[in-house]
Each structure stands twice: as structure tokens, then as C-alpha cells.
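Nothing here was measured: the structure is a model prediction, and the numbers come from that model.
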Amino acid sequence: MTENPEIDLAKKFVWFTNRNVFLTGKAGTGKTTFLQNLKLNPVKRMIVVAPTGVAAINAGGVTIHSFFQLPFGPILTKRVTGVANQPNRNERLYRFSKTKINIIRSLDLLIIDEISMVRADILDGIDDVLRRYRRPELPFGGVQLLLIGDLQQLPPVVKKEEWELLRPYYDTFYFFSSQALASAKPVNIELKTIFRQRDDDFIRILNEIRDDKLTPASLEKLNKRYHPSYLNGDNDGYIILTTHNAGAESINRQKLTKLESQLHSYDAEIQGDFAQYNFPAPAELQLKEGAQVMFLKNDSSFRKQYYNGKIGVVTELDEEHIEVSFPGEDERVNVQKEEWRNIQYTIHPETKNIEEKEIGKFIQYPLKLAWAITIHKSQGLTFEKAVIDAHAAFAHGQTYVALSRCKSLEGLRLSTPLSTDAVICDPTVQHFNNNVAAHTPDGQEFTKSKRAYQQMLLNELFDFRTVEKLIRQLLKLLNENEGSIQGNLKVKLPELLKPHLLHLNEVSMKFMKQCEHLFQENRYPETDAFFNERIIKASHYFKNYLENDWQPVVESLFYESDNTAVLKSLDELSDKITEFITHKKIFLTSVAEGFELEKYLRARALAHLEEPKPVRSKTEALTDTDVTHPELYQQLKTWRYQLSSESGVALYSIVSQKSLRLIANELPTTIKQLGSIHGIGKKKLTQHGDDILGVVREYCLRNNIPQRKDNGQSTTEKHKENTKQITFDLYRQGMDITTISETRGLTQATIERHLGYFIQQGKLEITEFVPEEKINTIIPLIERDDTRSLTEIKHLAGDEVTYSDLHFVINHLKRIETEDLS
């Protein structure tokens, strides 16, 4: 197979281009072997999926539906219909684990085995998922597809009512009618060398059936293999291939019953997660000496005594031993149990490679009764001798699958004569296959695709237009919501666009034109020293510019907004800008010593696994240069955030950000002064005036800033004393905190601060509000490091401790400190 030109071309397209590939070929041309060889030394990050559980296990992958979490009925995506799916049909789509999302984001290659059994809408469902977590503008999110299968074999199972739903949107239910695949424009490669059959006449007859051109002479030759005794007569060493499962089971049961030897049963061992419908062998294997059996797995030992589909006869057995012989062979096999793995894909925490994690195991003797098997279950198997019972063929490809399981015409028997009616071929499939045969790519198209792929990767590496688009979106958002956004974006974002992005785009465009000329001369960075040298110099230049010129401007950006929706949009765009530049530096570093495709692809994939670092913290806001007292501004915002967290009230409904900035500029220290601040009405003055003035006065005292007077009127002391005293009196009268809050129209946090004042004065005991157990938890956290913020202390103390508990204990400690000093 290593010298097969089609296999070599397919491997090159998969590893060294980004073209989607449909790999097809007649039965026995080595499609399964090609897949297994790809998995041995992968150049790209890849996963394997298949339409059924057994097919997935045989391919060493997972099912399409389990990985992409697709519903089992028809899938009509918005991209296909123009209308969003019903919520109940899409519910599972939006609950992907973080690991699965990371696998998708870092994926290079998706292999789908047995593609002939995949409906068109399932392929569009895969496209929908990949676009959601990767690049929405590209088919399949930019993931390369390798589709493996033979359309002349078994088709998708489609119920009549399902096709009625799909018909308005699809020409056929076959995978090639997928709308996403049509826009992906795959190359089609057909494997032509047949390894299963060596008989030229038999190969010719099979090709005629594939092409729906079975000649009378060939039909006559096939029917010479018919004899009426073949179905019920002596067929030792032969396996009967029939159309229906009930027929196959009935034959096996009857044959086993006729044997007079002792019956033995062997139970499979199931470990972990392994669904019953995915069992690759009988869970209870019943055998007798003389039973005809088929092996269900290739021999995993070094002896290689059997293969998947080999027929033998049980010659000896007991509770822990099965021996099988083969007609015409002297050697007997002492059969050992085999293991089948059920896997799921995961990412290794250290290497970051996509790995197969075993979640279940099925352990059993790799045998099943084999006097008969369904044509459907025979797909992919090879038989030396077979009796074909295809008179009841009901689906496209069934007769071809059955006949093509045989290695030779001599090993083939027919239980009923074949008629042309039994050879069912779908003309749609025939037309598609003819098109595949007529448009097989050659070495020249591979060279062109390889060049386009590497050029695309370099353009992606040195292109900065994406970040320019993000910055312009951020500017648009700023202009549309200028009144609710504070910060320096209006000044700094134009600076990023001009001169920095203007310069980056000019230099990158010139460099990409140089690369284009080199590619046109069929020069490649991995093999051309001059080309590689240019890439090394460019990577150093752009990386240094980003770190020394661009990054300082980005790190100086800050913004704030009380509008939650606007703030969320600001955060999302800012995070995307930061992520883009972070990834860009990782990519540039990966080619700093030269361009190597595999190394670059790995860096590209791993960058998507990095946790994005947000531009701003949601709990620690930034200050602006137009705030006269930024330290006070920060303290006021911290107070507001804590009050919001305690009371569950939105930030802006406590005090607006704009009002806080005015307070930090004007330093009001009386009720009258605070009431003159824009946005501080009577209600906010009553609810939060004491707290705000307390923060301002404490700041002024600590920084020796004189407090303004109201033209000879008193400061807030008298007001503060009066309002606190009212709270104290109501508490002494037996009201609890909630009742006082409702009576006075103040927040519970304000009432708690009033009572905390009297704890500090020694008029109330801390234990009236906080249990001793909590007090003992909190005090060491405060005393150990008094530089910790209240939020940090709250986090260390645990969920059972509230901010109210912390405030009460702090007042209690202030009381102790005062007593110690006196």
C-alpha cells in the first residue's frame, strides 16, 4: 500500500494542505488500513468519528452524535432553513464541556469514517457546531475534513417521515447534498487498487454491479454459482449472507441446536461505560464443539493467526478454553479474550495533546456464530467462502456489499439465482461517483493546494486586519454609548489605529507580497533558505513592535460603565483584542527560528487552549486622569461594589459612576454639599449619605485635606449622630434590622453600619450580631494582614461569613483597640 499512488496522494492532501478530502474506493481497496496508518503518526491534531457505535469502536473513535451532541432526528440548522431550530431540539447543543470546546477550538482535522451512512443534515449539524466554537464565517469552522467511505455500499437509514421534513432543503439525503460541504469544495480521491480480490473476472463483474451495467454474460456467470441446496444443505466453512437479521439469527440458532455436543456459555466482562447497543461481540457467547464461528477482531498478538471475518470451527472447548481450527489449515488457534475500548477525547493537562481516554472496556472471546450474518453487519469484512442470499435485497448497495465480501468467485455460492431486480443502484449515487472518477486531482493540483495552504498560514500570521476590525467595533460602541462610558478609549483607540495599525498593515502588506512572489516561483519556506530567512526577520520585527510600541498603549486602556449590557460588550471586544495580540505573539515566536509546518500548527492549536486574560477586573475598577482624587474614587467604588454584593442591588441604582467621579473631585463633607452633586437626590442622600460622607471625611483626615464648611453651617456630625441614634433607639425597642430598614426606608447595610458604630462605642455587644464561632474565624484573618481588602477576607473566610459579619467584627476590633490605648 505504501507504493499506491492514490494512497500517497491522499496522505499528502491530508497532511500538507487544508483541502477537505473525500476518500472513496471499491470494497477491499484499503480505506480502513489508510485510516489506521494515519492515526499512527499524525502531523495534525485530529479526532475520528463514525455514524454508529460499532463503526466508531472499529475505527478507534467516537460516534458523531456523542461528540457533537446532535439530536437523533432530522437536523435543520438556521444556516440551512433561515429559521432557528426549536429550543427543545437544540437544548443539548449548548452544554458542551470546557474540554470538548478546547478540543474543537484546537482541532486541525476531523475524520468521518463510513461517510456513506451519514445523512446530509447531520453533516450540516456538525458544521453548525464547529462554526459556533471556531470561525463562523468558514465552512466547518475552518476544520479540515477527511470523509472515508464508499457510496456504493450501505446508505443512510432514513425514515419516510424524516425525509418529508428534509426534502424541502436537500436534493438527496446522501452526505454530498450537505450545504456546508458544497461550499467547502472537497477534493475526491478514489483508491483503485483492489487488495481483497485477485480474480480479474470477478473484479470486472463487481465493477459492472457498482456501475449498474451488469451484462447478461456476467449475470449468467454469477448464476452458475447457484444451487438450490446451498441455503439448507451442507455448507461447512461457508457463511450465509442474508438481508434480514431475523433470518441470520434463525439459521444460527437452528444449526447450533442440531449439534449434539455440550453447550457452553461465556459472559463478556464490561468495565466502565460501554452501552449495550455498542457491544462488538455477543454479551453471552453460546458455543458447542463443531460450531461454525467467525472472528470479530484482528489477532492482537504477535502470532496474527486470524483476522476480522475469518471463518473457523470450534474443535475443543471448556469453561475457560476455546480452540478453533480452519478448513484446509493444519494449525489450530487457542483463542484468547480480546478487548474493545470505548473512548472519549480529552486534552492531556501537560502535553496539551488530544488524547483518547478510555471510559469503558468490553472483554470477550472475539467470536460469534457464523453459519449466517446480515449483509449490513458484513460490511468491511472479508470471507474466503460465502453463500449469498440476496433475493430479498431491499436497499441500494446491498447486493454489491454481499458479493464484494468474497475473495474469489470460486468461494462464492448463491442460494437463489440473481435477477437484475436484486441489483439495486441509486442513479443519484452513480452520477456522483462518475463525477468523482472524472475529477480526481493529480500531483499538480496537490502542489497548487500545498502552496495555497502555506500561503494562507503566512497571511494569517502576518495579517493585522482582524484586530483593526475589532478596534473599529469598539470605537463604534463607544460613540453609540458615549454618555454611559468613562475612561480614555476615545483618546487611545485612535492612537492604536493611527499610527500603530496603519504602520503594521503597511509593512505586513509589503511582506505578504514578497511571500506571494516567492510562492509563485514554487519556493517554500521549509525548503528555501532565503524564504525562511525573510520569515525569521519578519517575525522578530513584528514581535518587537507589538511588545515595545503596541502593548504599552493597550495596557494603558481603561473604561467603566454602569450600563451592564454596554460593559459586557466592552469586555468582550477588549478580550478579543487582547486574545488576538497574545495569539499573534505566540505564532510569531513559533517561527522565530524558521517555519516548520508541524511546529507552527501545534503553536496555533495550543494558543487556543490558553485562558484569555481579561483587560479589566470586574471587582477592581480603574481610575482616570481627570479624577482629582483617584484613591478616594477607588474607595468609593469599592464601597459601592461591596454594598451591591451584600444587598443584591445593581451598582448604578446605588450611586452612578458619574456621581462618584464628581464626589472624588469636589470632596463634599456635609449633607448640603453632597446633595448638590448631580445624581444625588433626596432618596440616595437618605439611604447612602452617611456612608459616602464617612468615606470622604476619613480620606480628608488621612490626607490632611481641610473640610469645606456650608457658609458657617455645621458639618454632618450632628446629622450623623441623629440618624444613628434613631436606629439605635429602634433597636433597643426590640426591632430587628429588617424591620428598622423597612421603617426608616434605608438599606439593611446602612442600618448595620449604624449599629456597628455603637458596637465600636461599647454600647452594643458583638455577640448580639455575630456568633462566637464566626468571630473566631474572622479575627485572625484581619489581624494577620491588615492590607487585605474586605473582598479578600470574605473569600478566605468562606461562604458562611457575610460582609455584615465582617463589618461588625471590624467595629468590635476598633473598640478593643480604643480600650487598649486608653
Close side-chain approach of Thr428 and Phe176, heavy atoms under 4.5 Å: yes

Short side-chain donor-acceptor distance under 3.5 Å, Thr52 and Glu114: no

Non-hydrogen side-chain atoms of Tyr174 and Phe432 separated by less than 4.5 Å: no

Nearest atoms (heavy-atom pairs only) where Lys44 meets Val14: NZ-O, 2.8 Å

Atom pair CG/CD1 of Leu147 and Ile111 - distance to nearest 0.5 Å: 10.0 Å

Minimum side-chain heavy-atom gap Ile209-Leu403 below 4.5 Å: yes

Nearest atoms (heavy-atom pairs only) where Tyr238 meets Ala386: CD2-N, 3.4 Å

Evaluation steps, side chain to side chain donor-acceptor pair (under 3.5 Å), between Glu338 and Ser300: CA-CA 8 Å; Glu338 291 277 1; Ser300 61; 2.8 Å; yes

Rounded distance [0.5 Å steps], NZ in Lys11 versus CD in Glu6: 14.0 Å

Modelled atom types, side-chain donor and acceptor of Arg332 and Ser325, under 3.5 Å: no

Leu241 CG to His376 NE2 distance, which is reported to the nearest 0.5 Å: 13.0 Å

Test log, rule side chain to side chain donor-acceptor pair (under 3.5 Å), inputs Glu331 and Gln305: CA-CA 9 Å; Glu331 190 174 6; Gln305 293 175 290; 2.7 Å; yes

Side-chain heavy atoms of Ile57 within contact of Arg341, under 4.5 Å: no

Lys/Arg-Asp/Glu bridge criterion (N-O < 4.0 Å) met for Arg210, Asp150: yes

Side chains of Ile240 and Ile373 in contact at under 4.5 Å (non-hydrogen atoms): no

Centroid-centroid under 6.0 Å between Phe175 and Phe22 rings: yes

Within 6.0 Å of NZ in Lys377, more than 12 heavy atoms from elsewhere: no

Heavy-atom pair with the smallest gap, counting every atom of Pro139 and Ser183: CG-OG, 3.5 Å

Lys297 atom NZ, neighbour heavy-atom count above 12 within 6.0 Å: yes

Beyond-backbone contact of Lys450 with Tyr524, side-chain heavy atoms, under 4.5 angstrom: yes

Stepwise side-chain contact (heavy atoms from CB on, under 4.5 Å) test for Phe67 and Ile47: CA-CA 10 Å; Phe67 186 83; Ile47 64 170; 3.6 Å; yes

Worked check of side chain to side chain donor-acceptor pair (under 3.5 Å) between Asp389 and Ser415: CA-CA 5 Å; Asp389 177 27; Ser415 65; 3.1 Å; yes

Which atom of Gln292 lies closest to which atom of Gly237, heavy atoms considered: OE1-N, 2.9 Å

From CA spacing to verdict: side-chain contact (heavy atoms from CB on, under 4.5 Å), Val118, Ile64: CA-CA 9 Å; Val118 178; Ile64 292 171; 3.8 Å; yes

CD on Glu358 to CD1 on Ile343, rounded to 0.5 Å: 9.5 Å

Ring center gap for Phe519 and Phe531 short of 6.0 angstrom: yes

Asp128 side, atom CG; Leu70 side, atom CG - distance, nearest 0.5 Å: 9.0 Å

salt_bridge(Asp8, Lys12) N-O dist < 4.0 Å: yes

Crowding at CG, Asp171 (>12 non-hydrogen neighbours, <6.0 Å): no

Heavy-atom pair of closest approach, residues Leu219 and Leu418: CD1-O, 3.6 Å

Student check: side-chain heavy atoms of Lys385 and Arg413 closer than 4.5 Å: no

Lys213 NZ: over 12 foreign heavy atoms closer than 6.0 Å: no

Distance-only donor-acceptor check, side chains Asp124 and Thr77, under 3.5 Å: no

Ring centers of Phe279, Phe362 separated by less than 6.0 Å: yes

Thr24-Glu190 side chain donor-acceptor pair, cut-off 3.5 Å: no

Salt bridge (Lys or Arg N to Asp or Glu O under 4.0 Å) against Glu137, all qualifying residues, sequence neighbours excluded: Arg135

Given Asn207, Ile375, Leu206, the one that forms side chain to side chain contact (heavy atoms under 4.5 Å, CB included) with Tyr400: Leu206

Set of salt bridge (Lys or Arg N to Asp or Glu O under 4.0 Å) partners for Arg523, sequence neighbours left out: Glu521, Asp528

Ring geometry between Phe295 and Tyr306 (parallel below 30°, tilted from 30 to 60°, perpendicular above 60°): parallel

Arg602/Glu596 ion pair, N-O < 4.0 Å: no

Stepwise side-chain contact (heavy atoms from CB on, under 4.5 Å) test for Ile112 and Ile148: CA-CA 6 Å; Ile112 305 180; Ile148 302 176; over 6 Å; no

Under the salt bridge (Lys or Arg N to Asp or Glu O under 4.0 Å) test, residues paired with Lys100 that sit two or more places apart: none

Within 45° cone and under 6.0 Å: Lys357 NZ/CZ vs Tyr345 ring: no

Working for side-chain contact (heavy atoms from CB on, under 4.5 Å), residues Val157 and Met117: CA-CA 7 Å; Val157 176; Met117 299 170 67; over 6 Å; no

Lys159 atom NZ, neighbour heavy-atom count above 12 within 6.0 Å: no

Check: Arg45/Ser106 side-chain N/O donor and acceptor closer than 3.5 Å: yes

Exercise: do Asn435 and His431 side chains pair donor with acceptor under 3.5 Å: no

Met46 and Leu110, any side-chain heavy atoms less than 4.5 Å apart: no

Ser177 versus Thr172, side-chain donor and acceptor atoms under 3.5 Å: yes

Contact summary for Tyr169 and Val80, nearest pair of heavy atoms: CB-CG1, 3.7 Å

Presence of salt bridge, Asp127 and Arg131, under 4.0 angstrom: yes

Arg405 versus Thr382, side-chain donor and acceptor atoms under 3.5 Å: no

Donor + acceptor pair across side chains of Tyr453, Gln144 (<3.5 Å): no

Ring centres under 6.0 angstrom apart (Phe13, Phe446): yes

From Asn298 atom CG to Gln36 atom CD, the distance as rounded to the nearest 0.5 Å: 9.0 Å

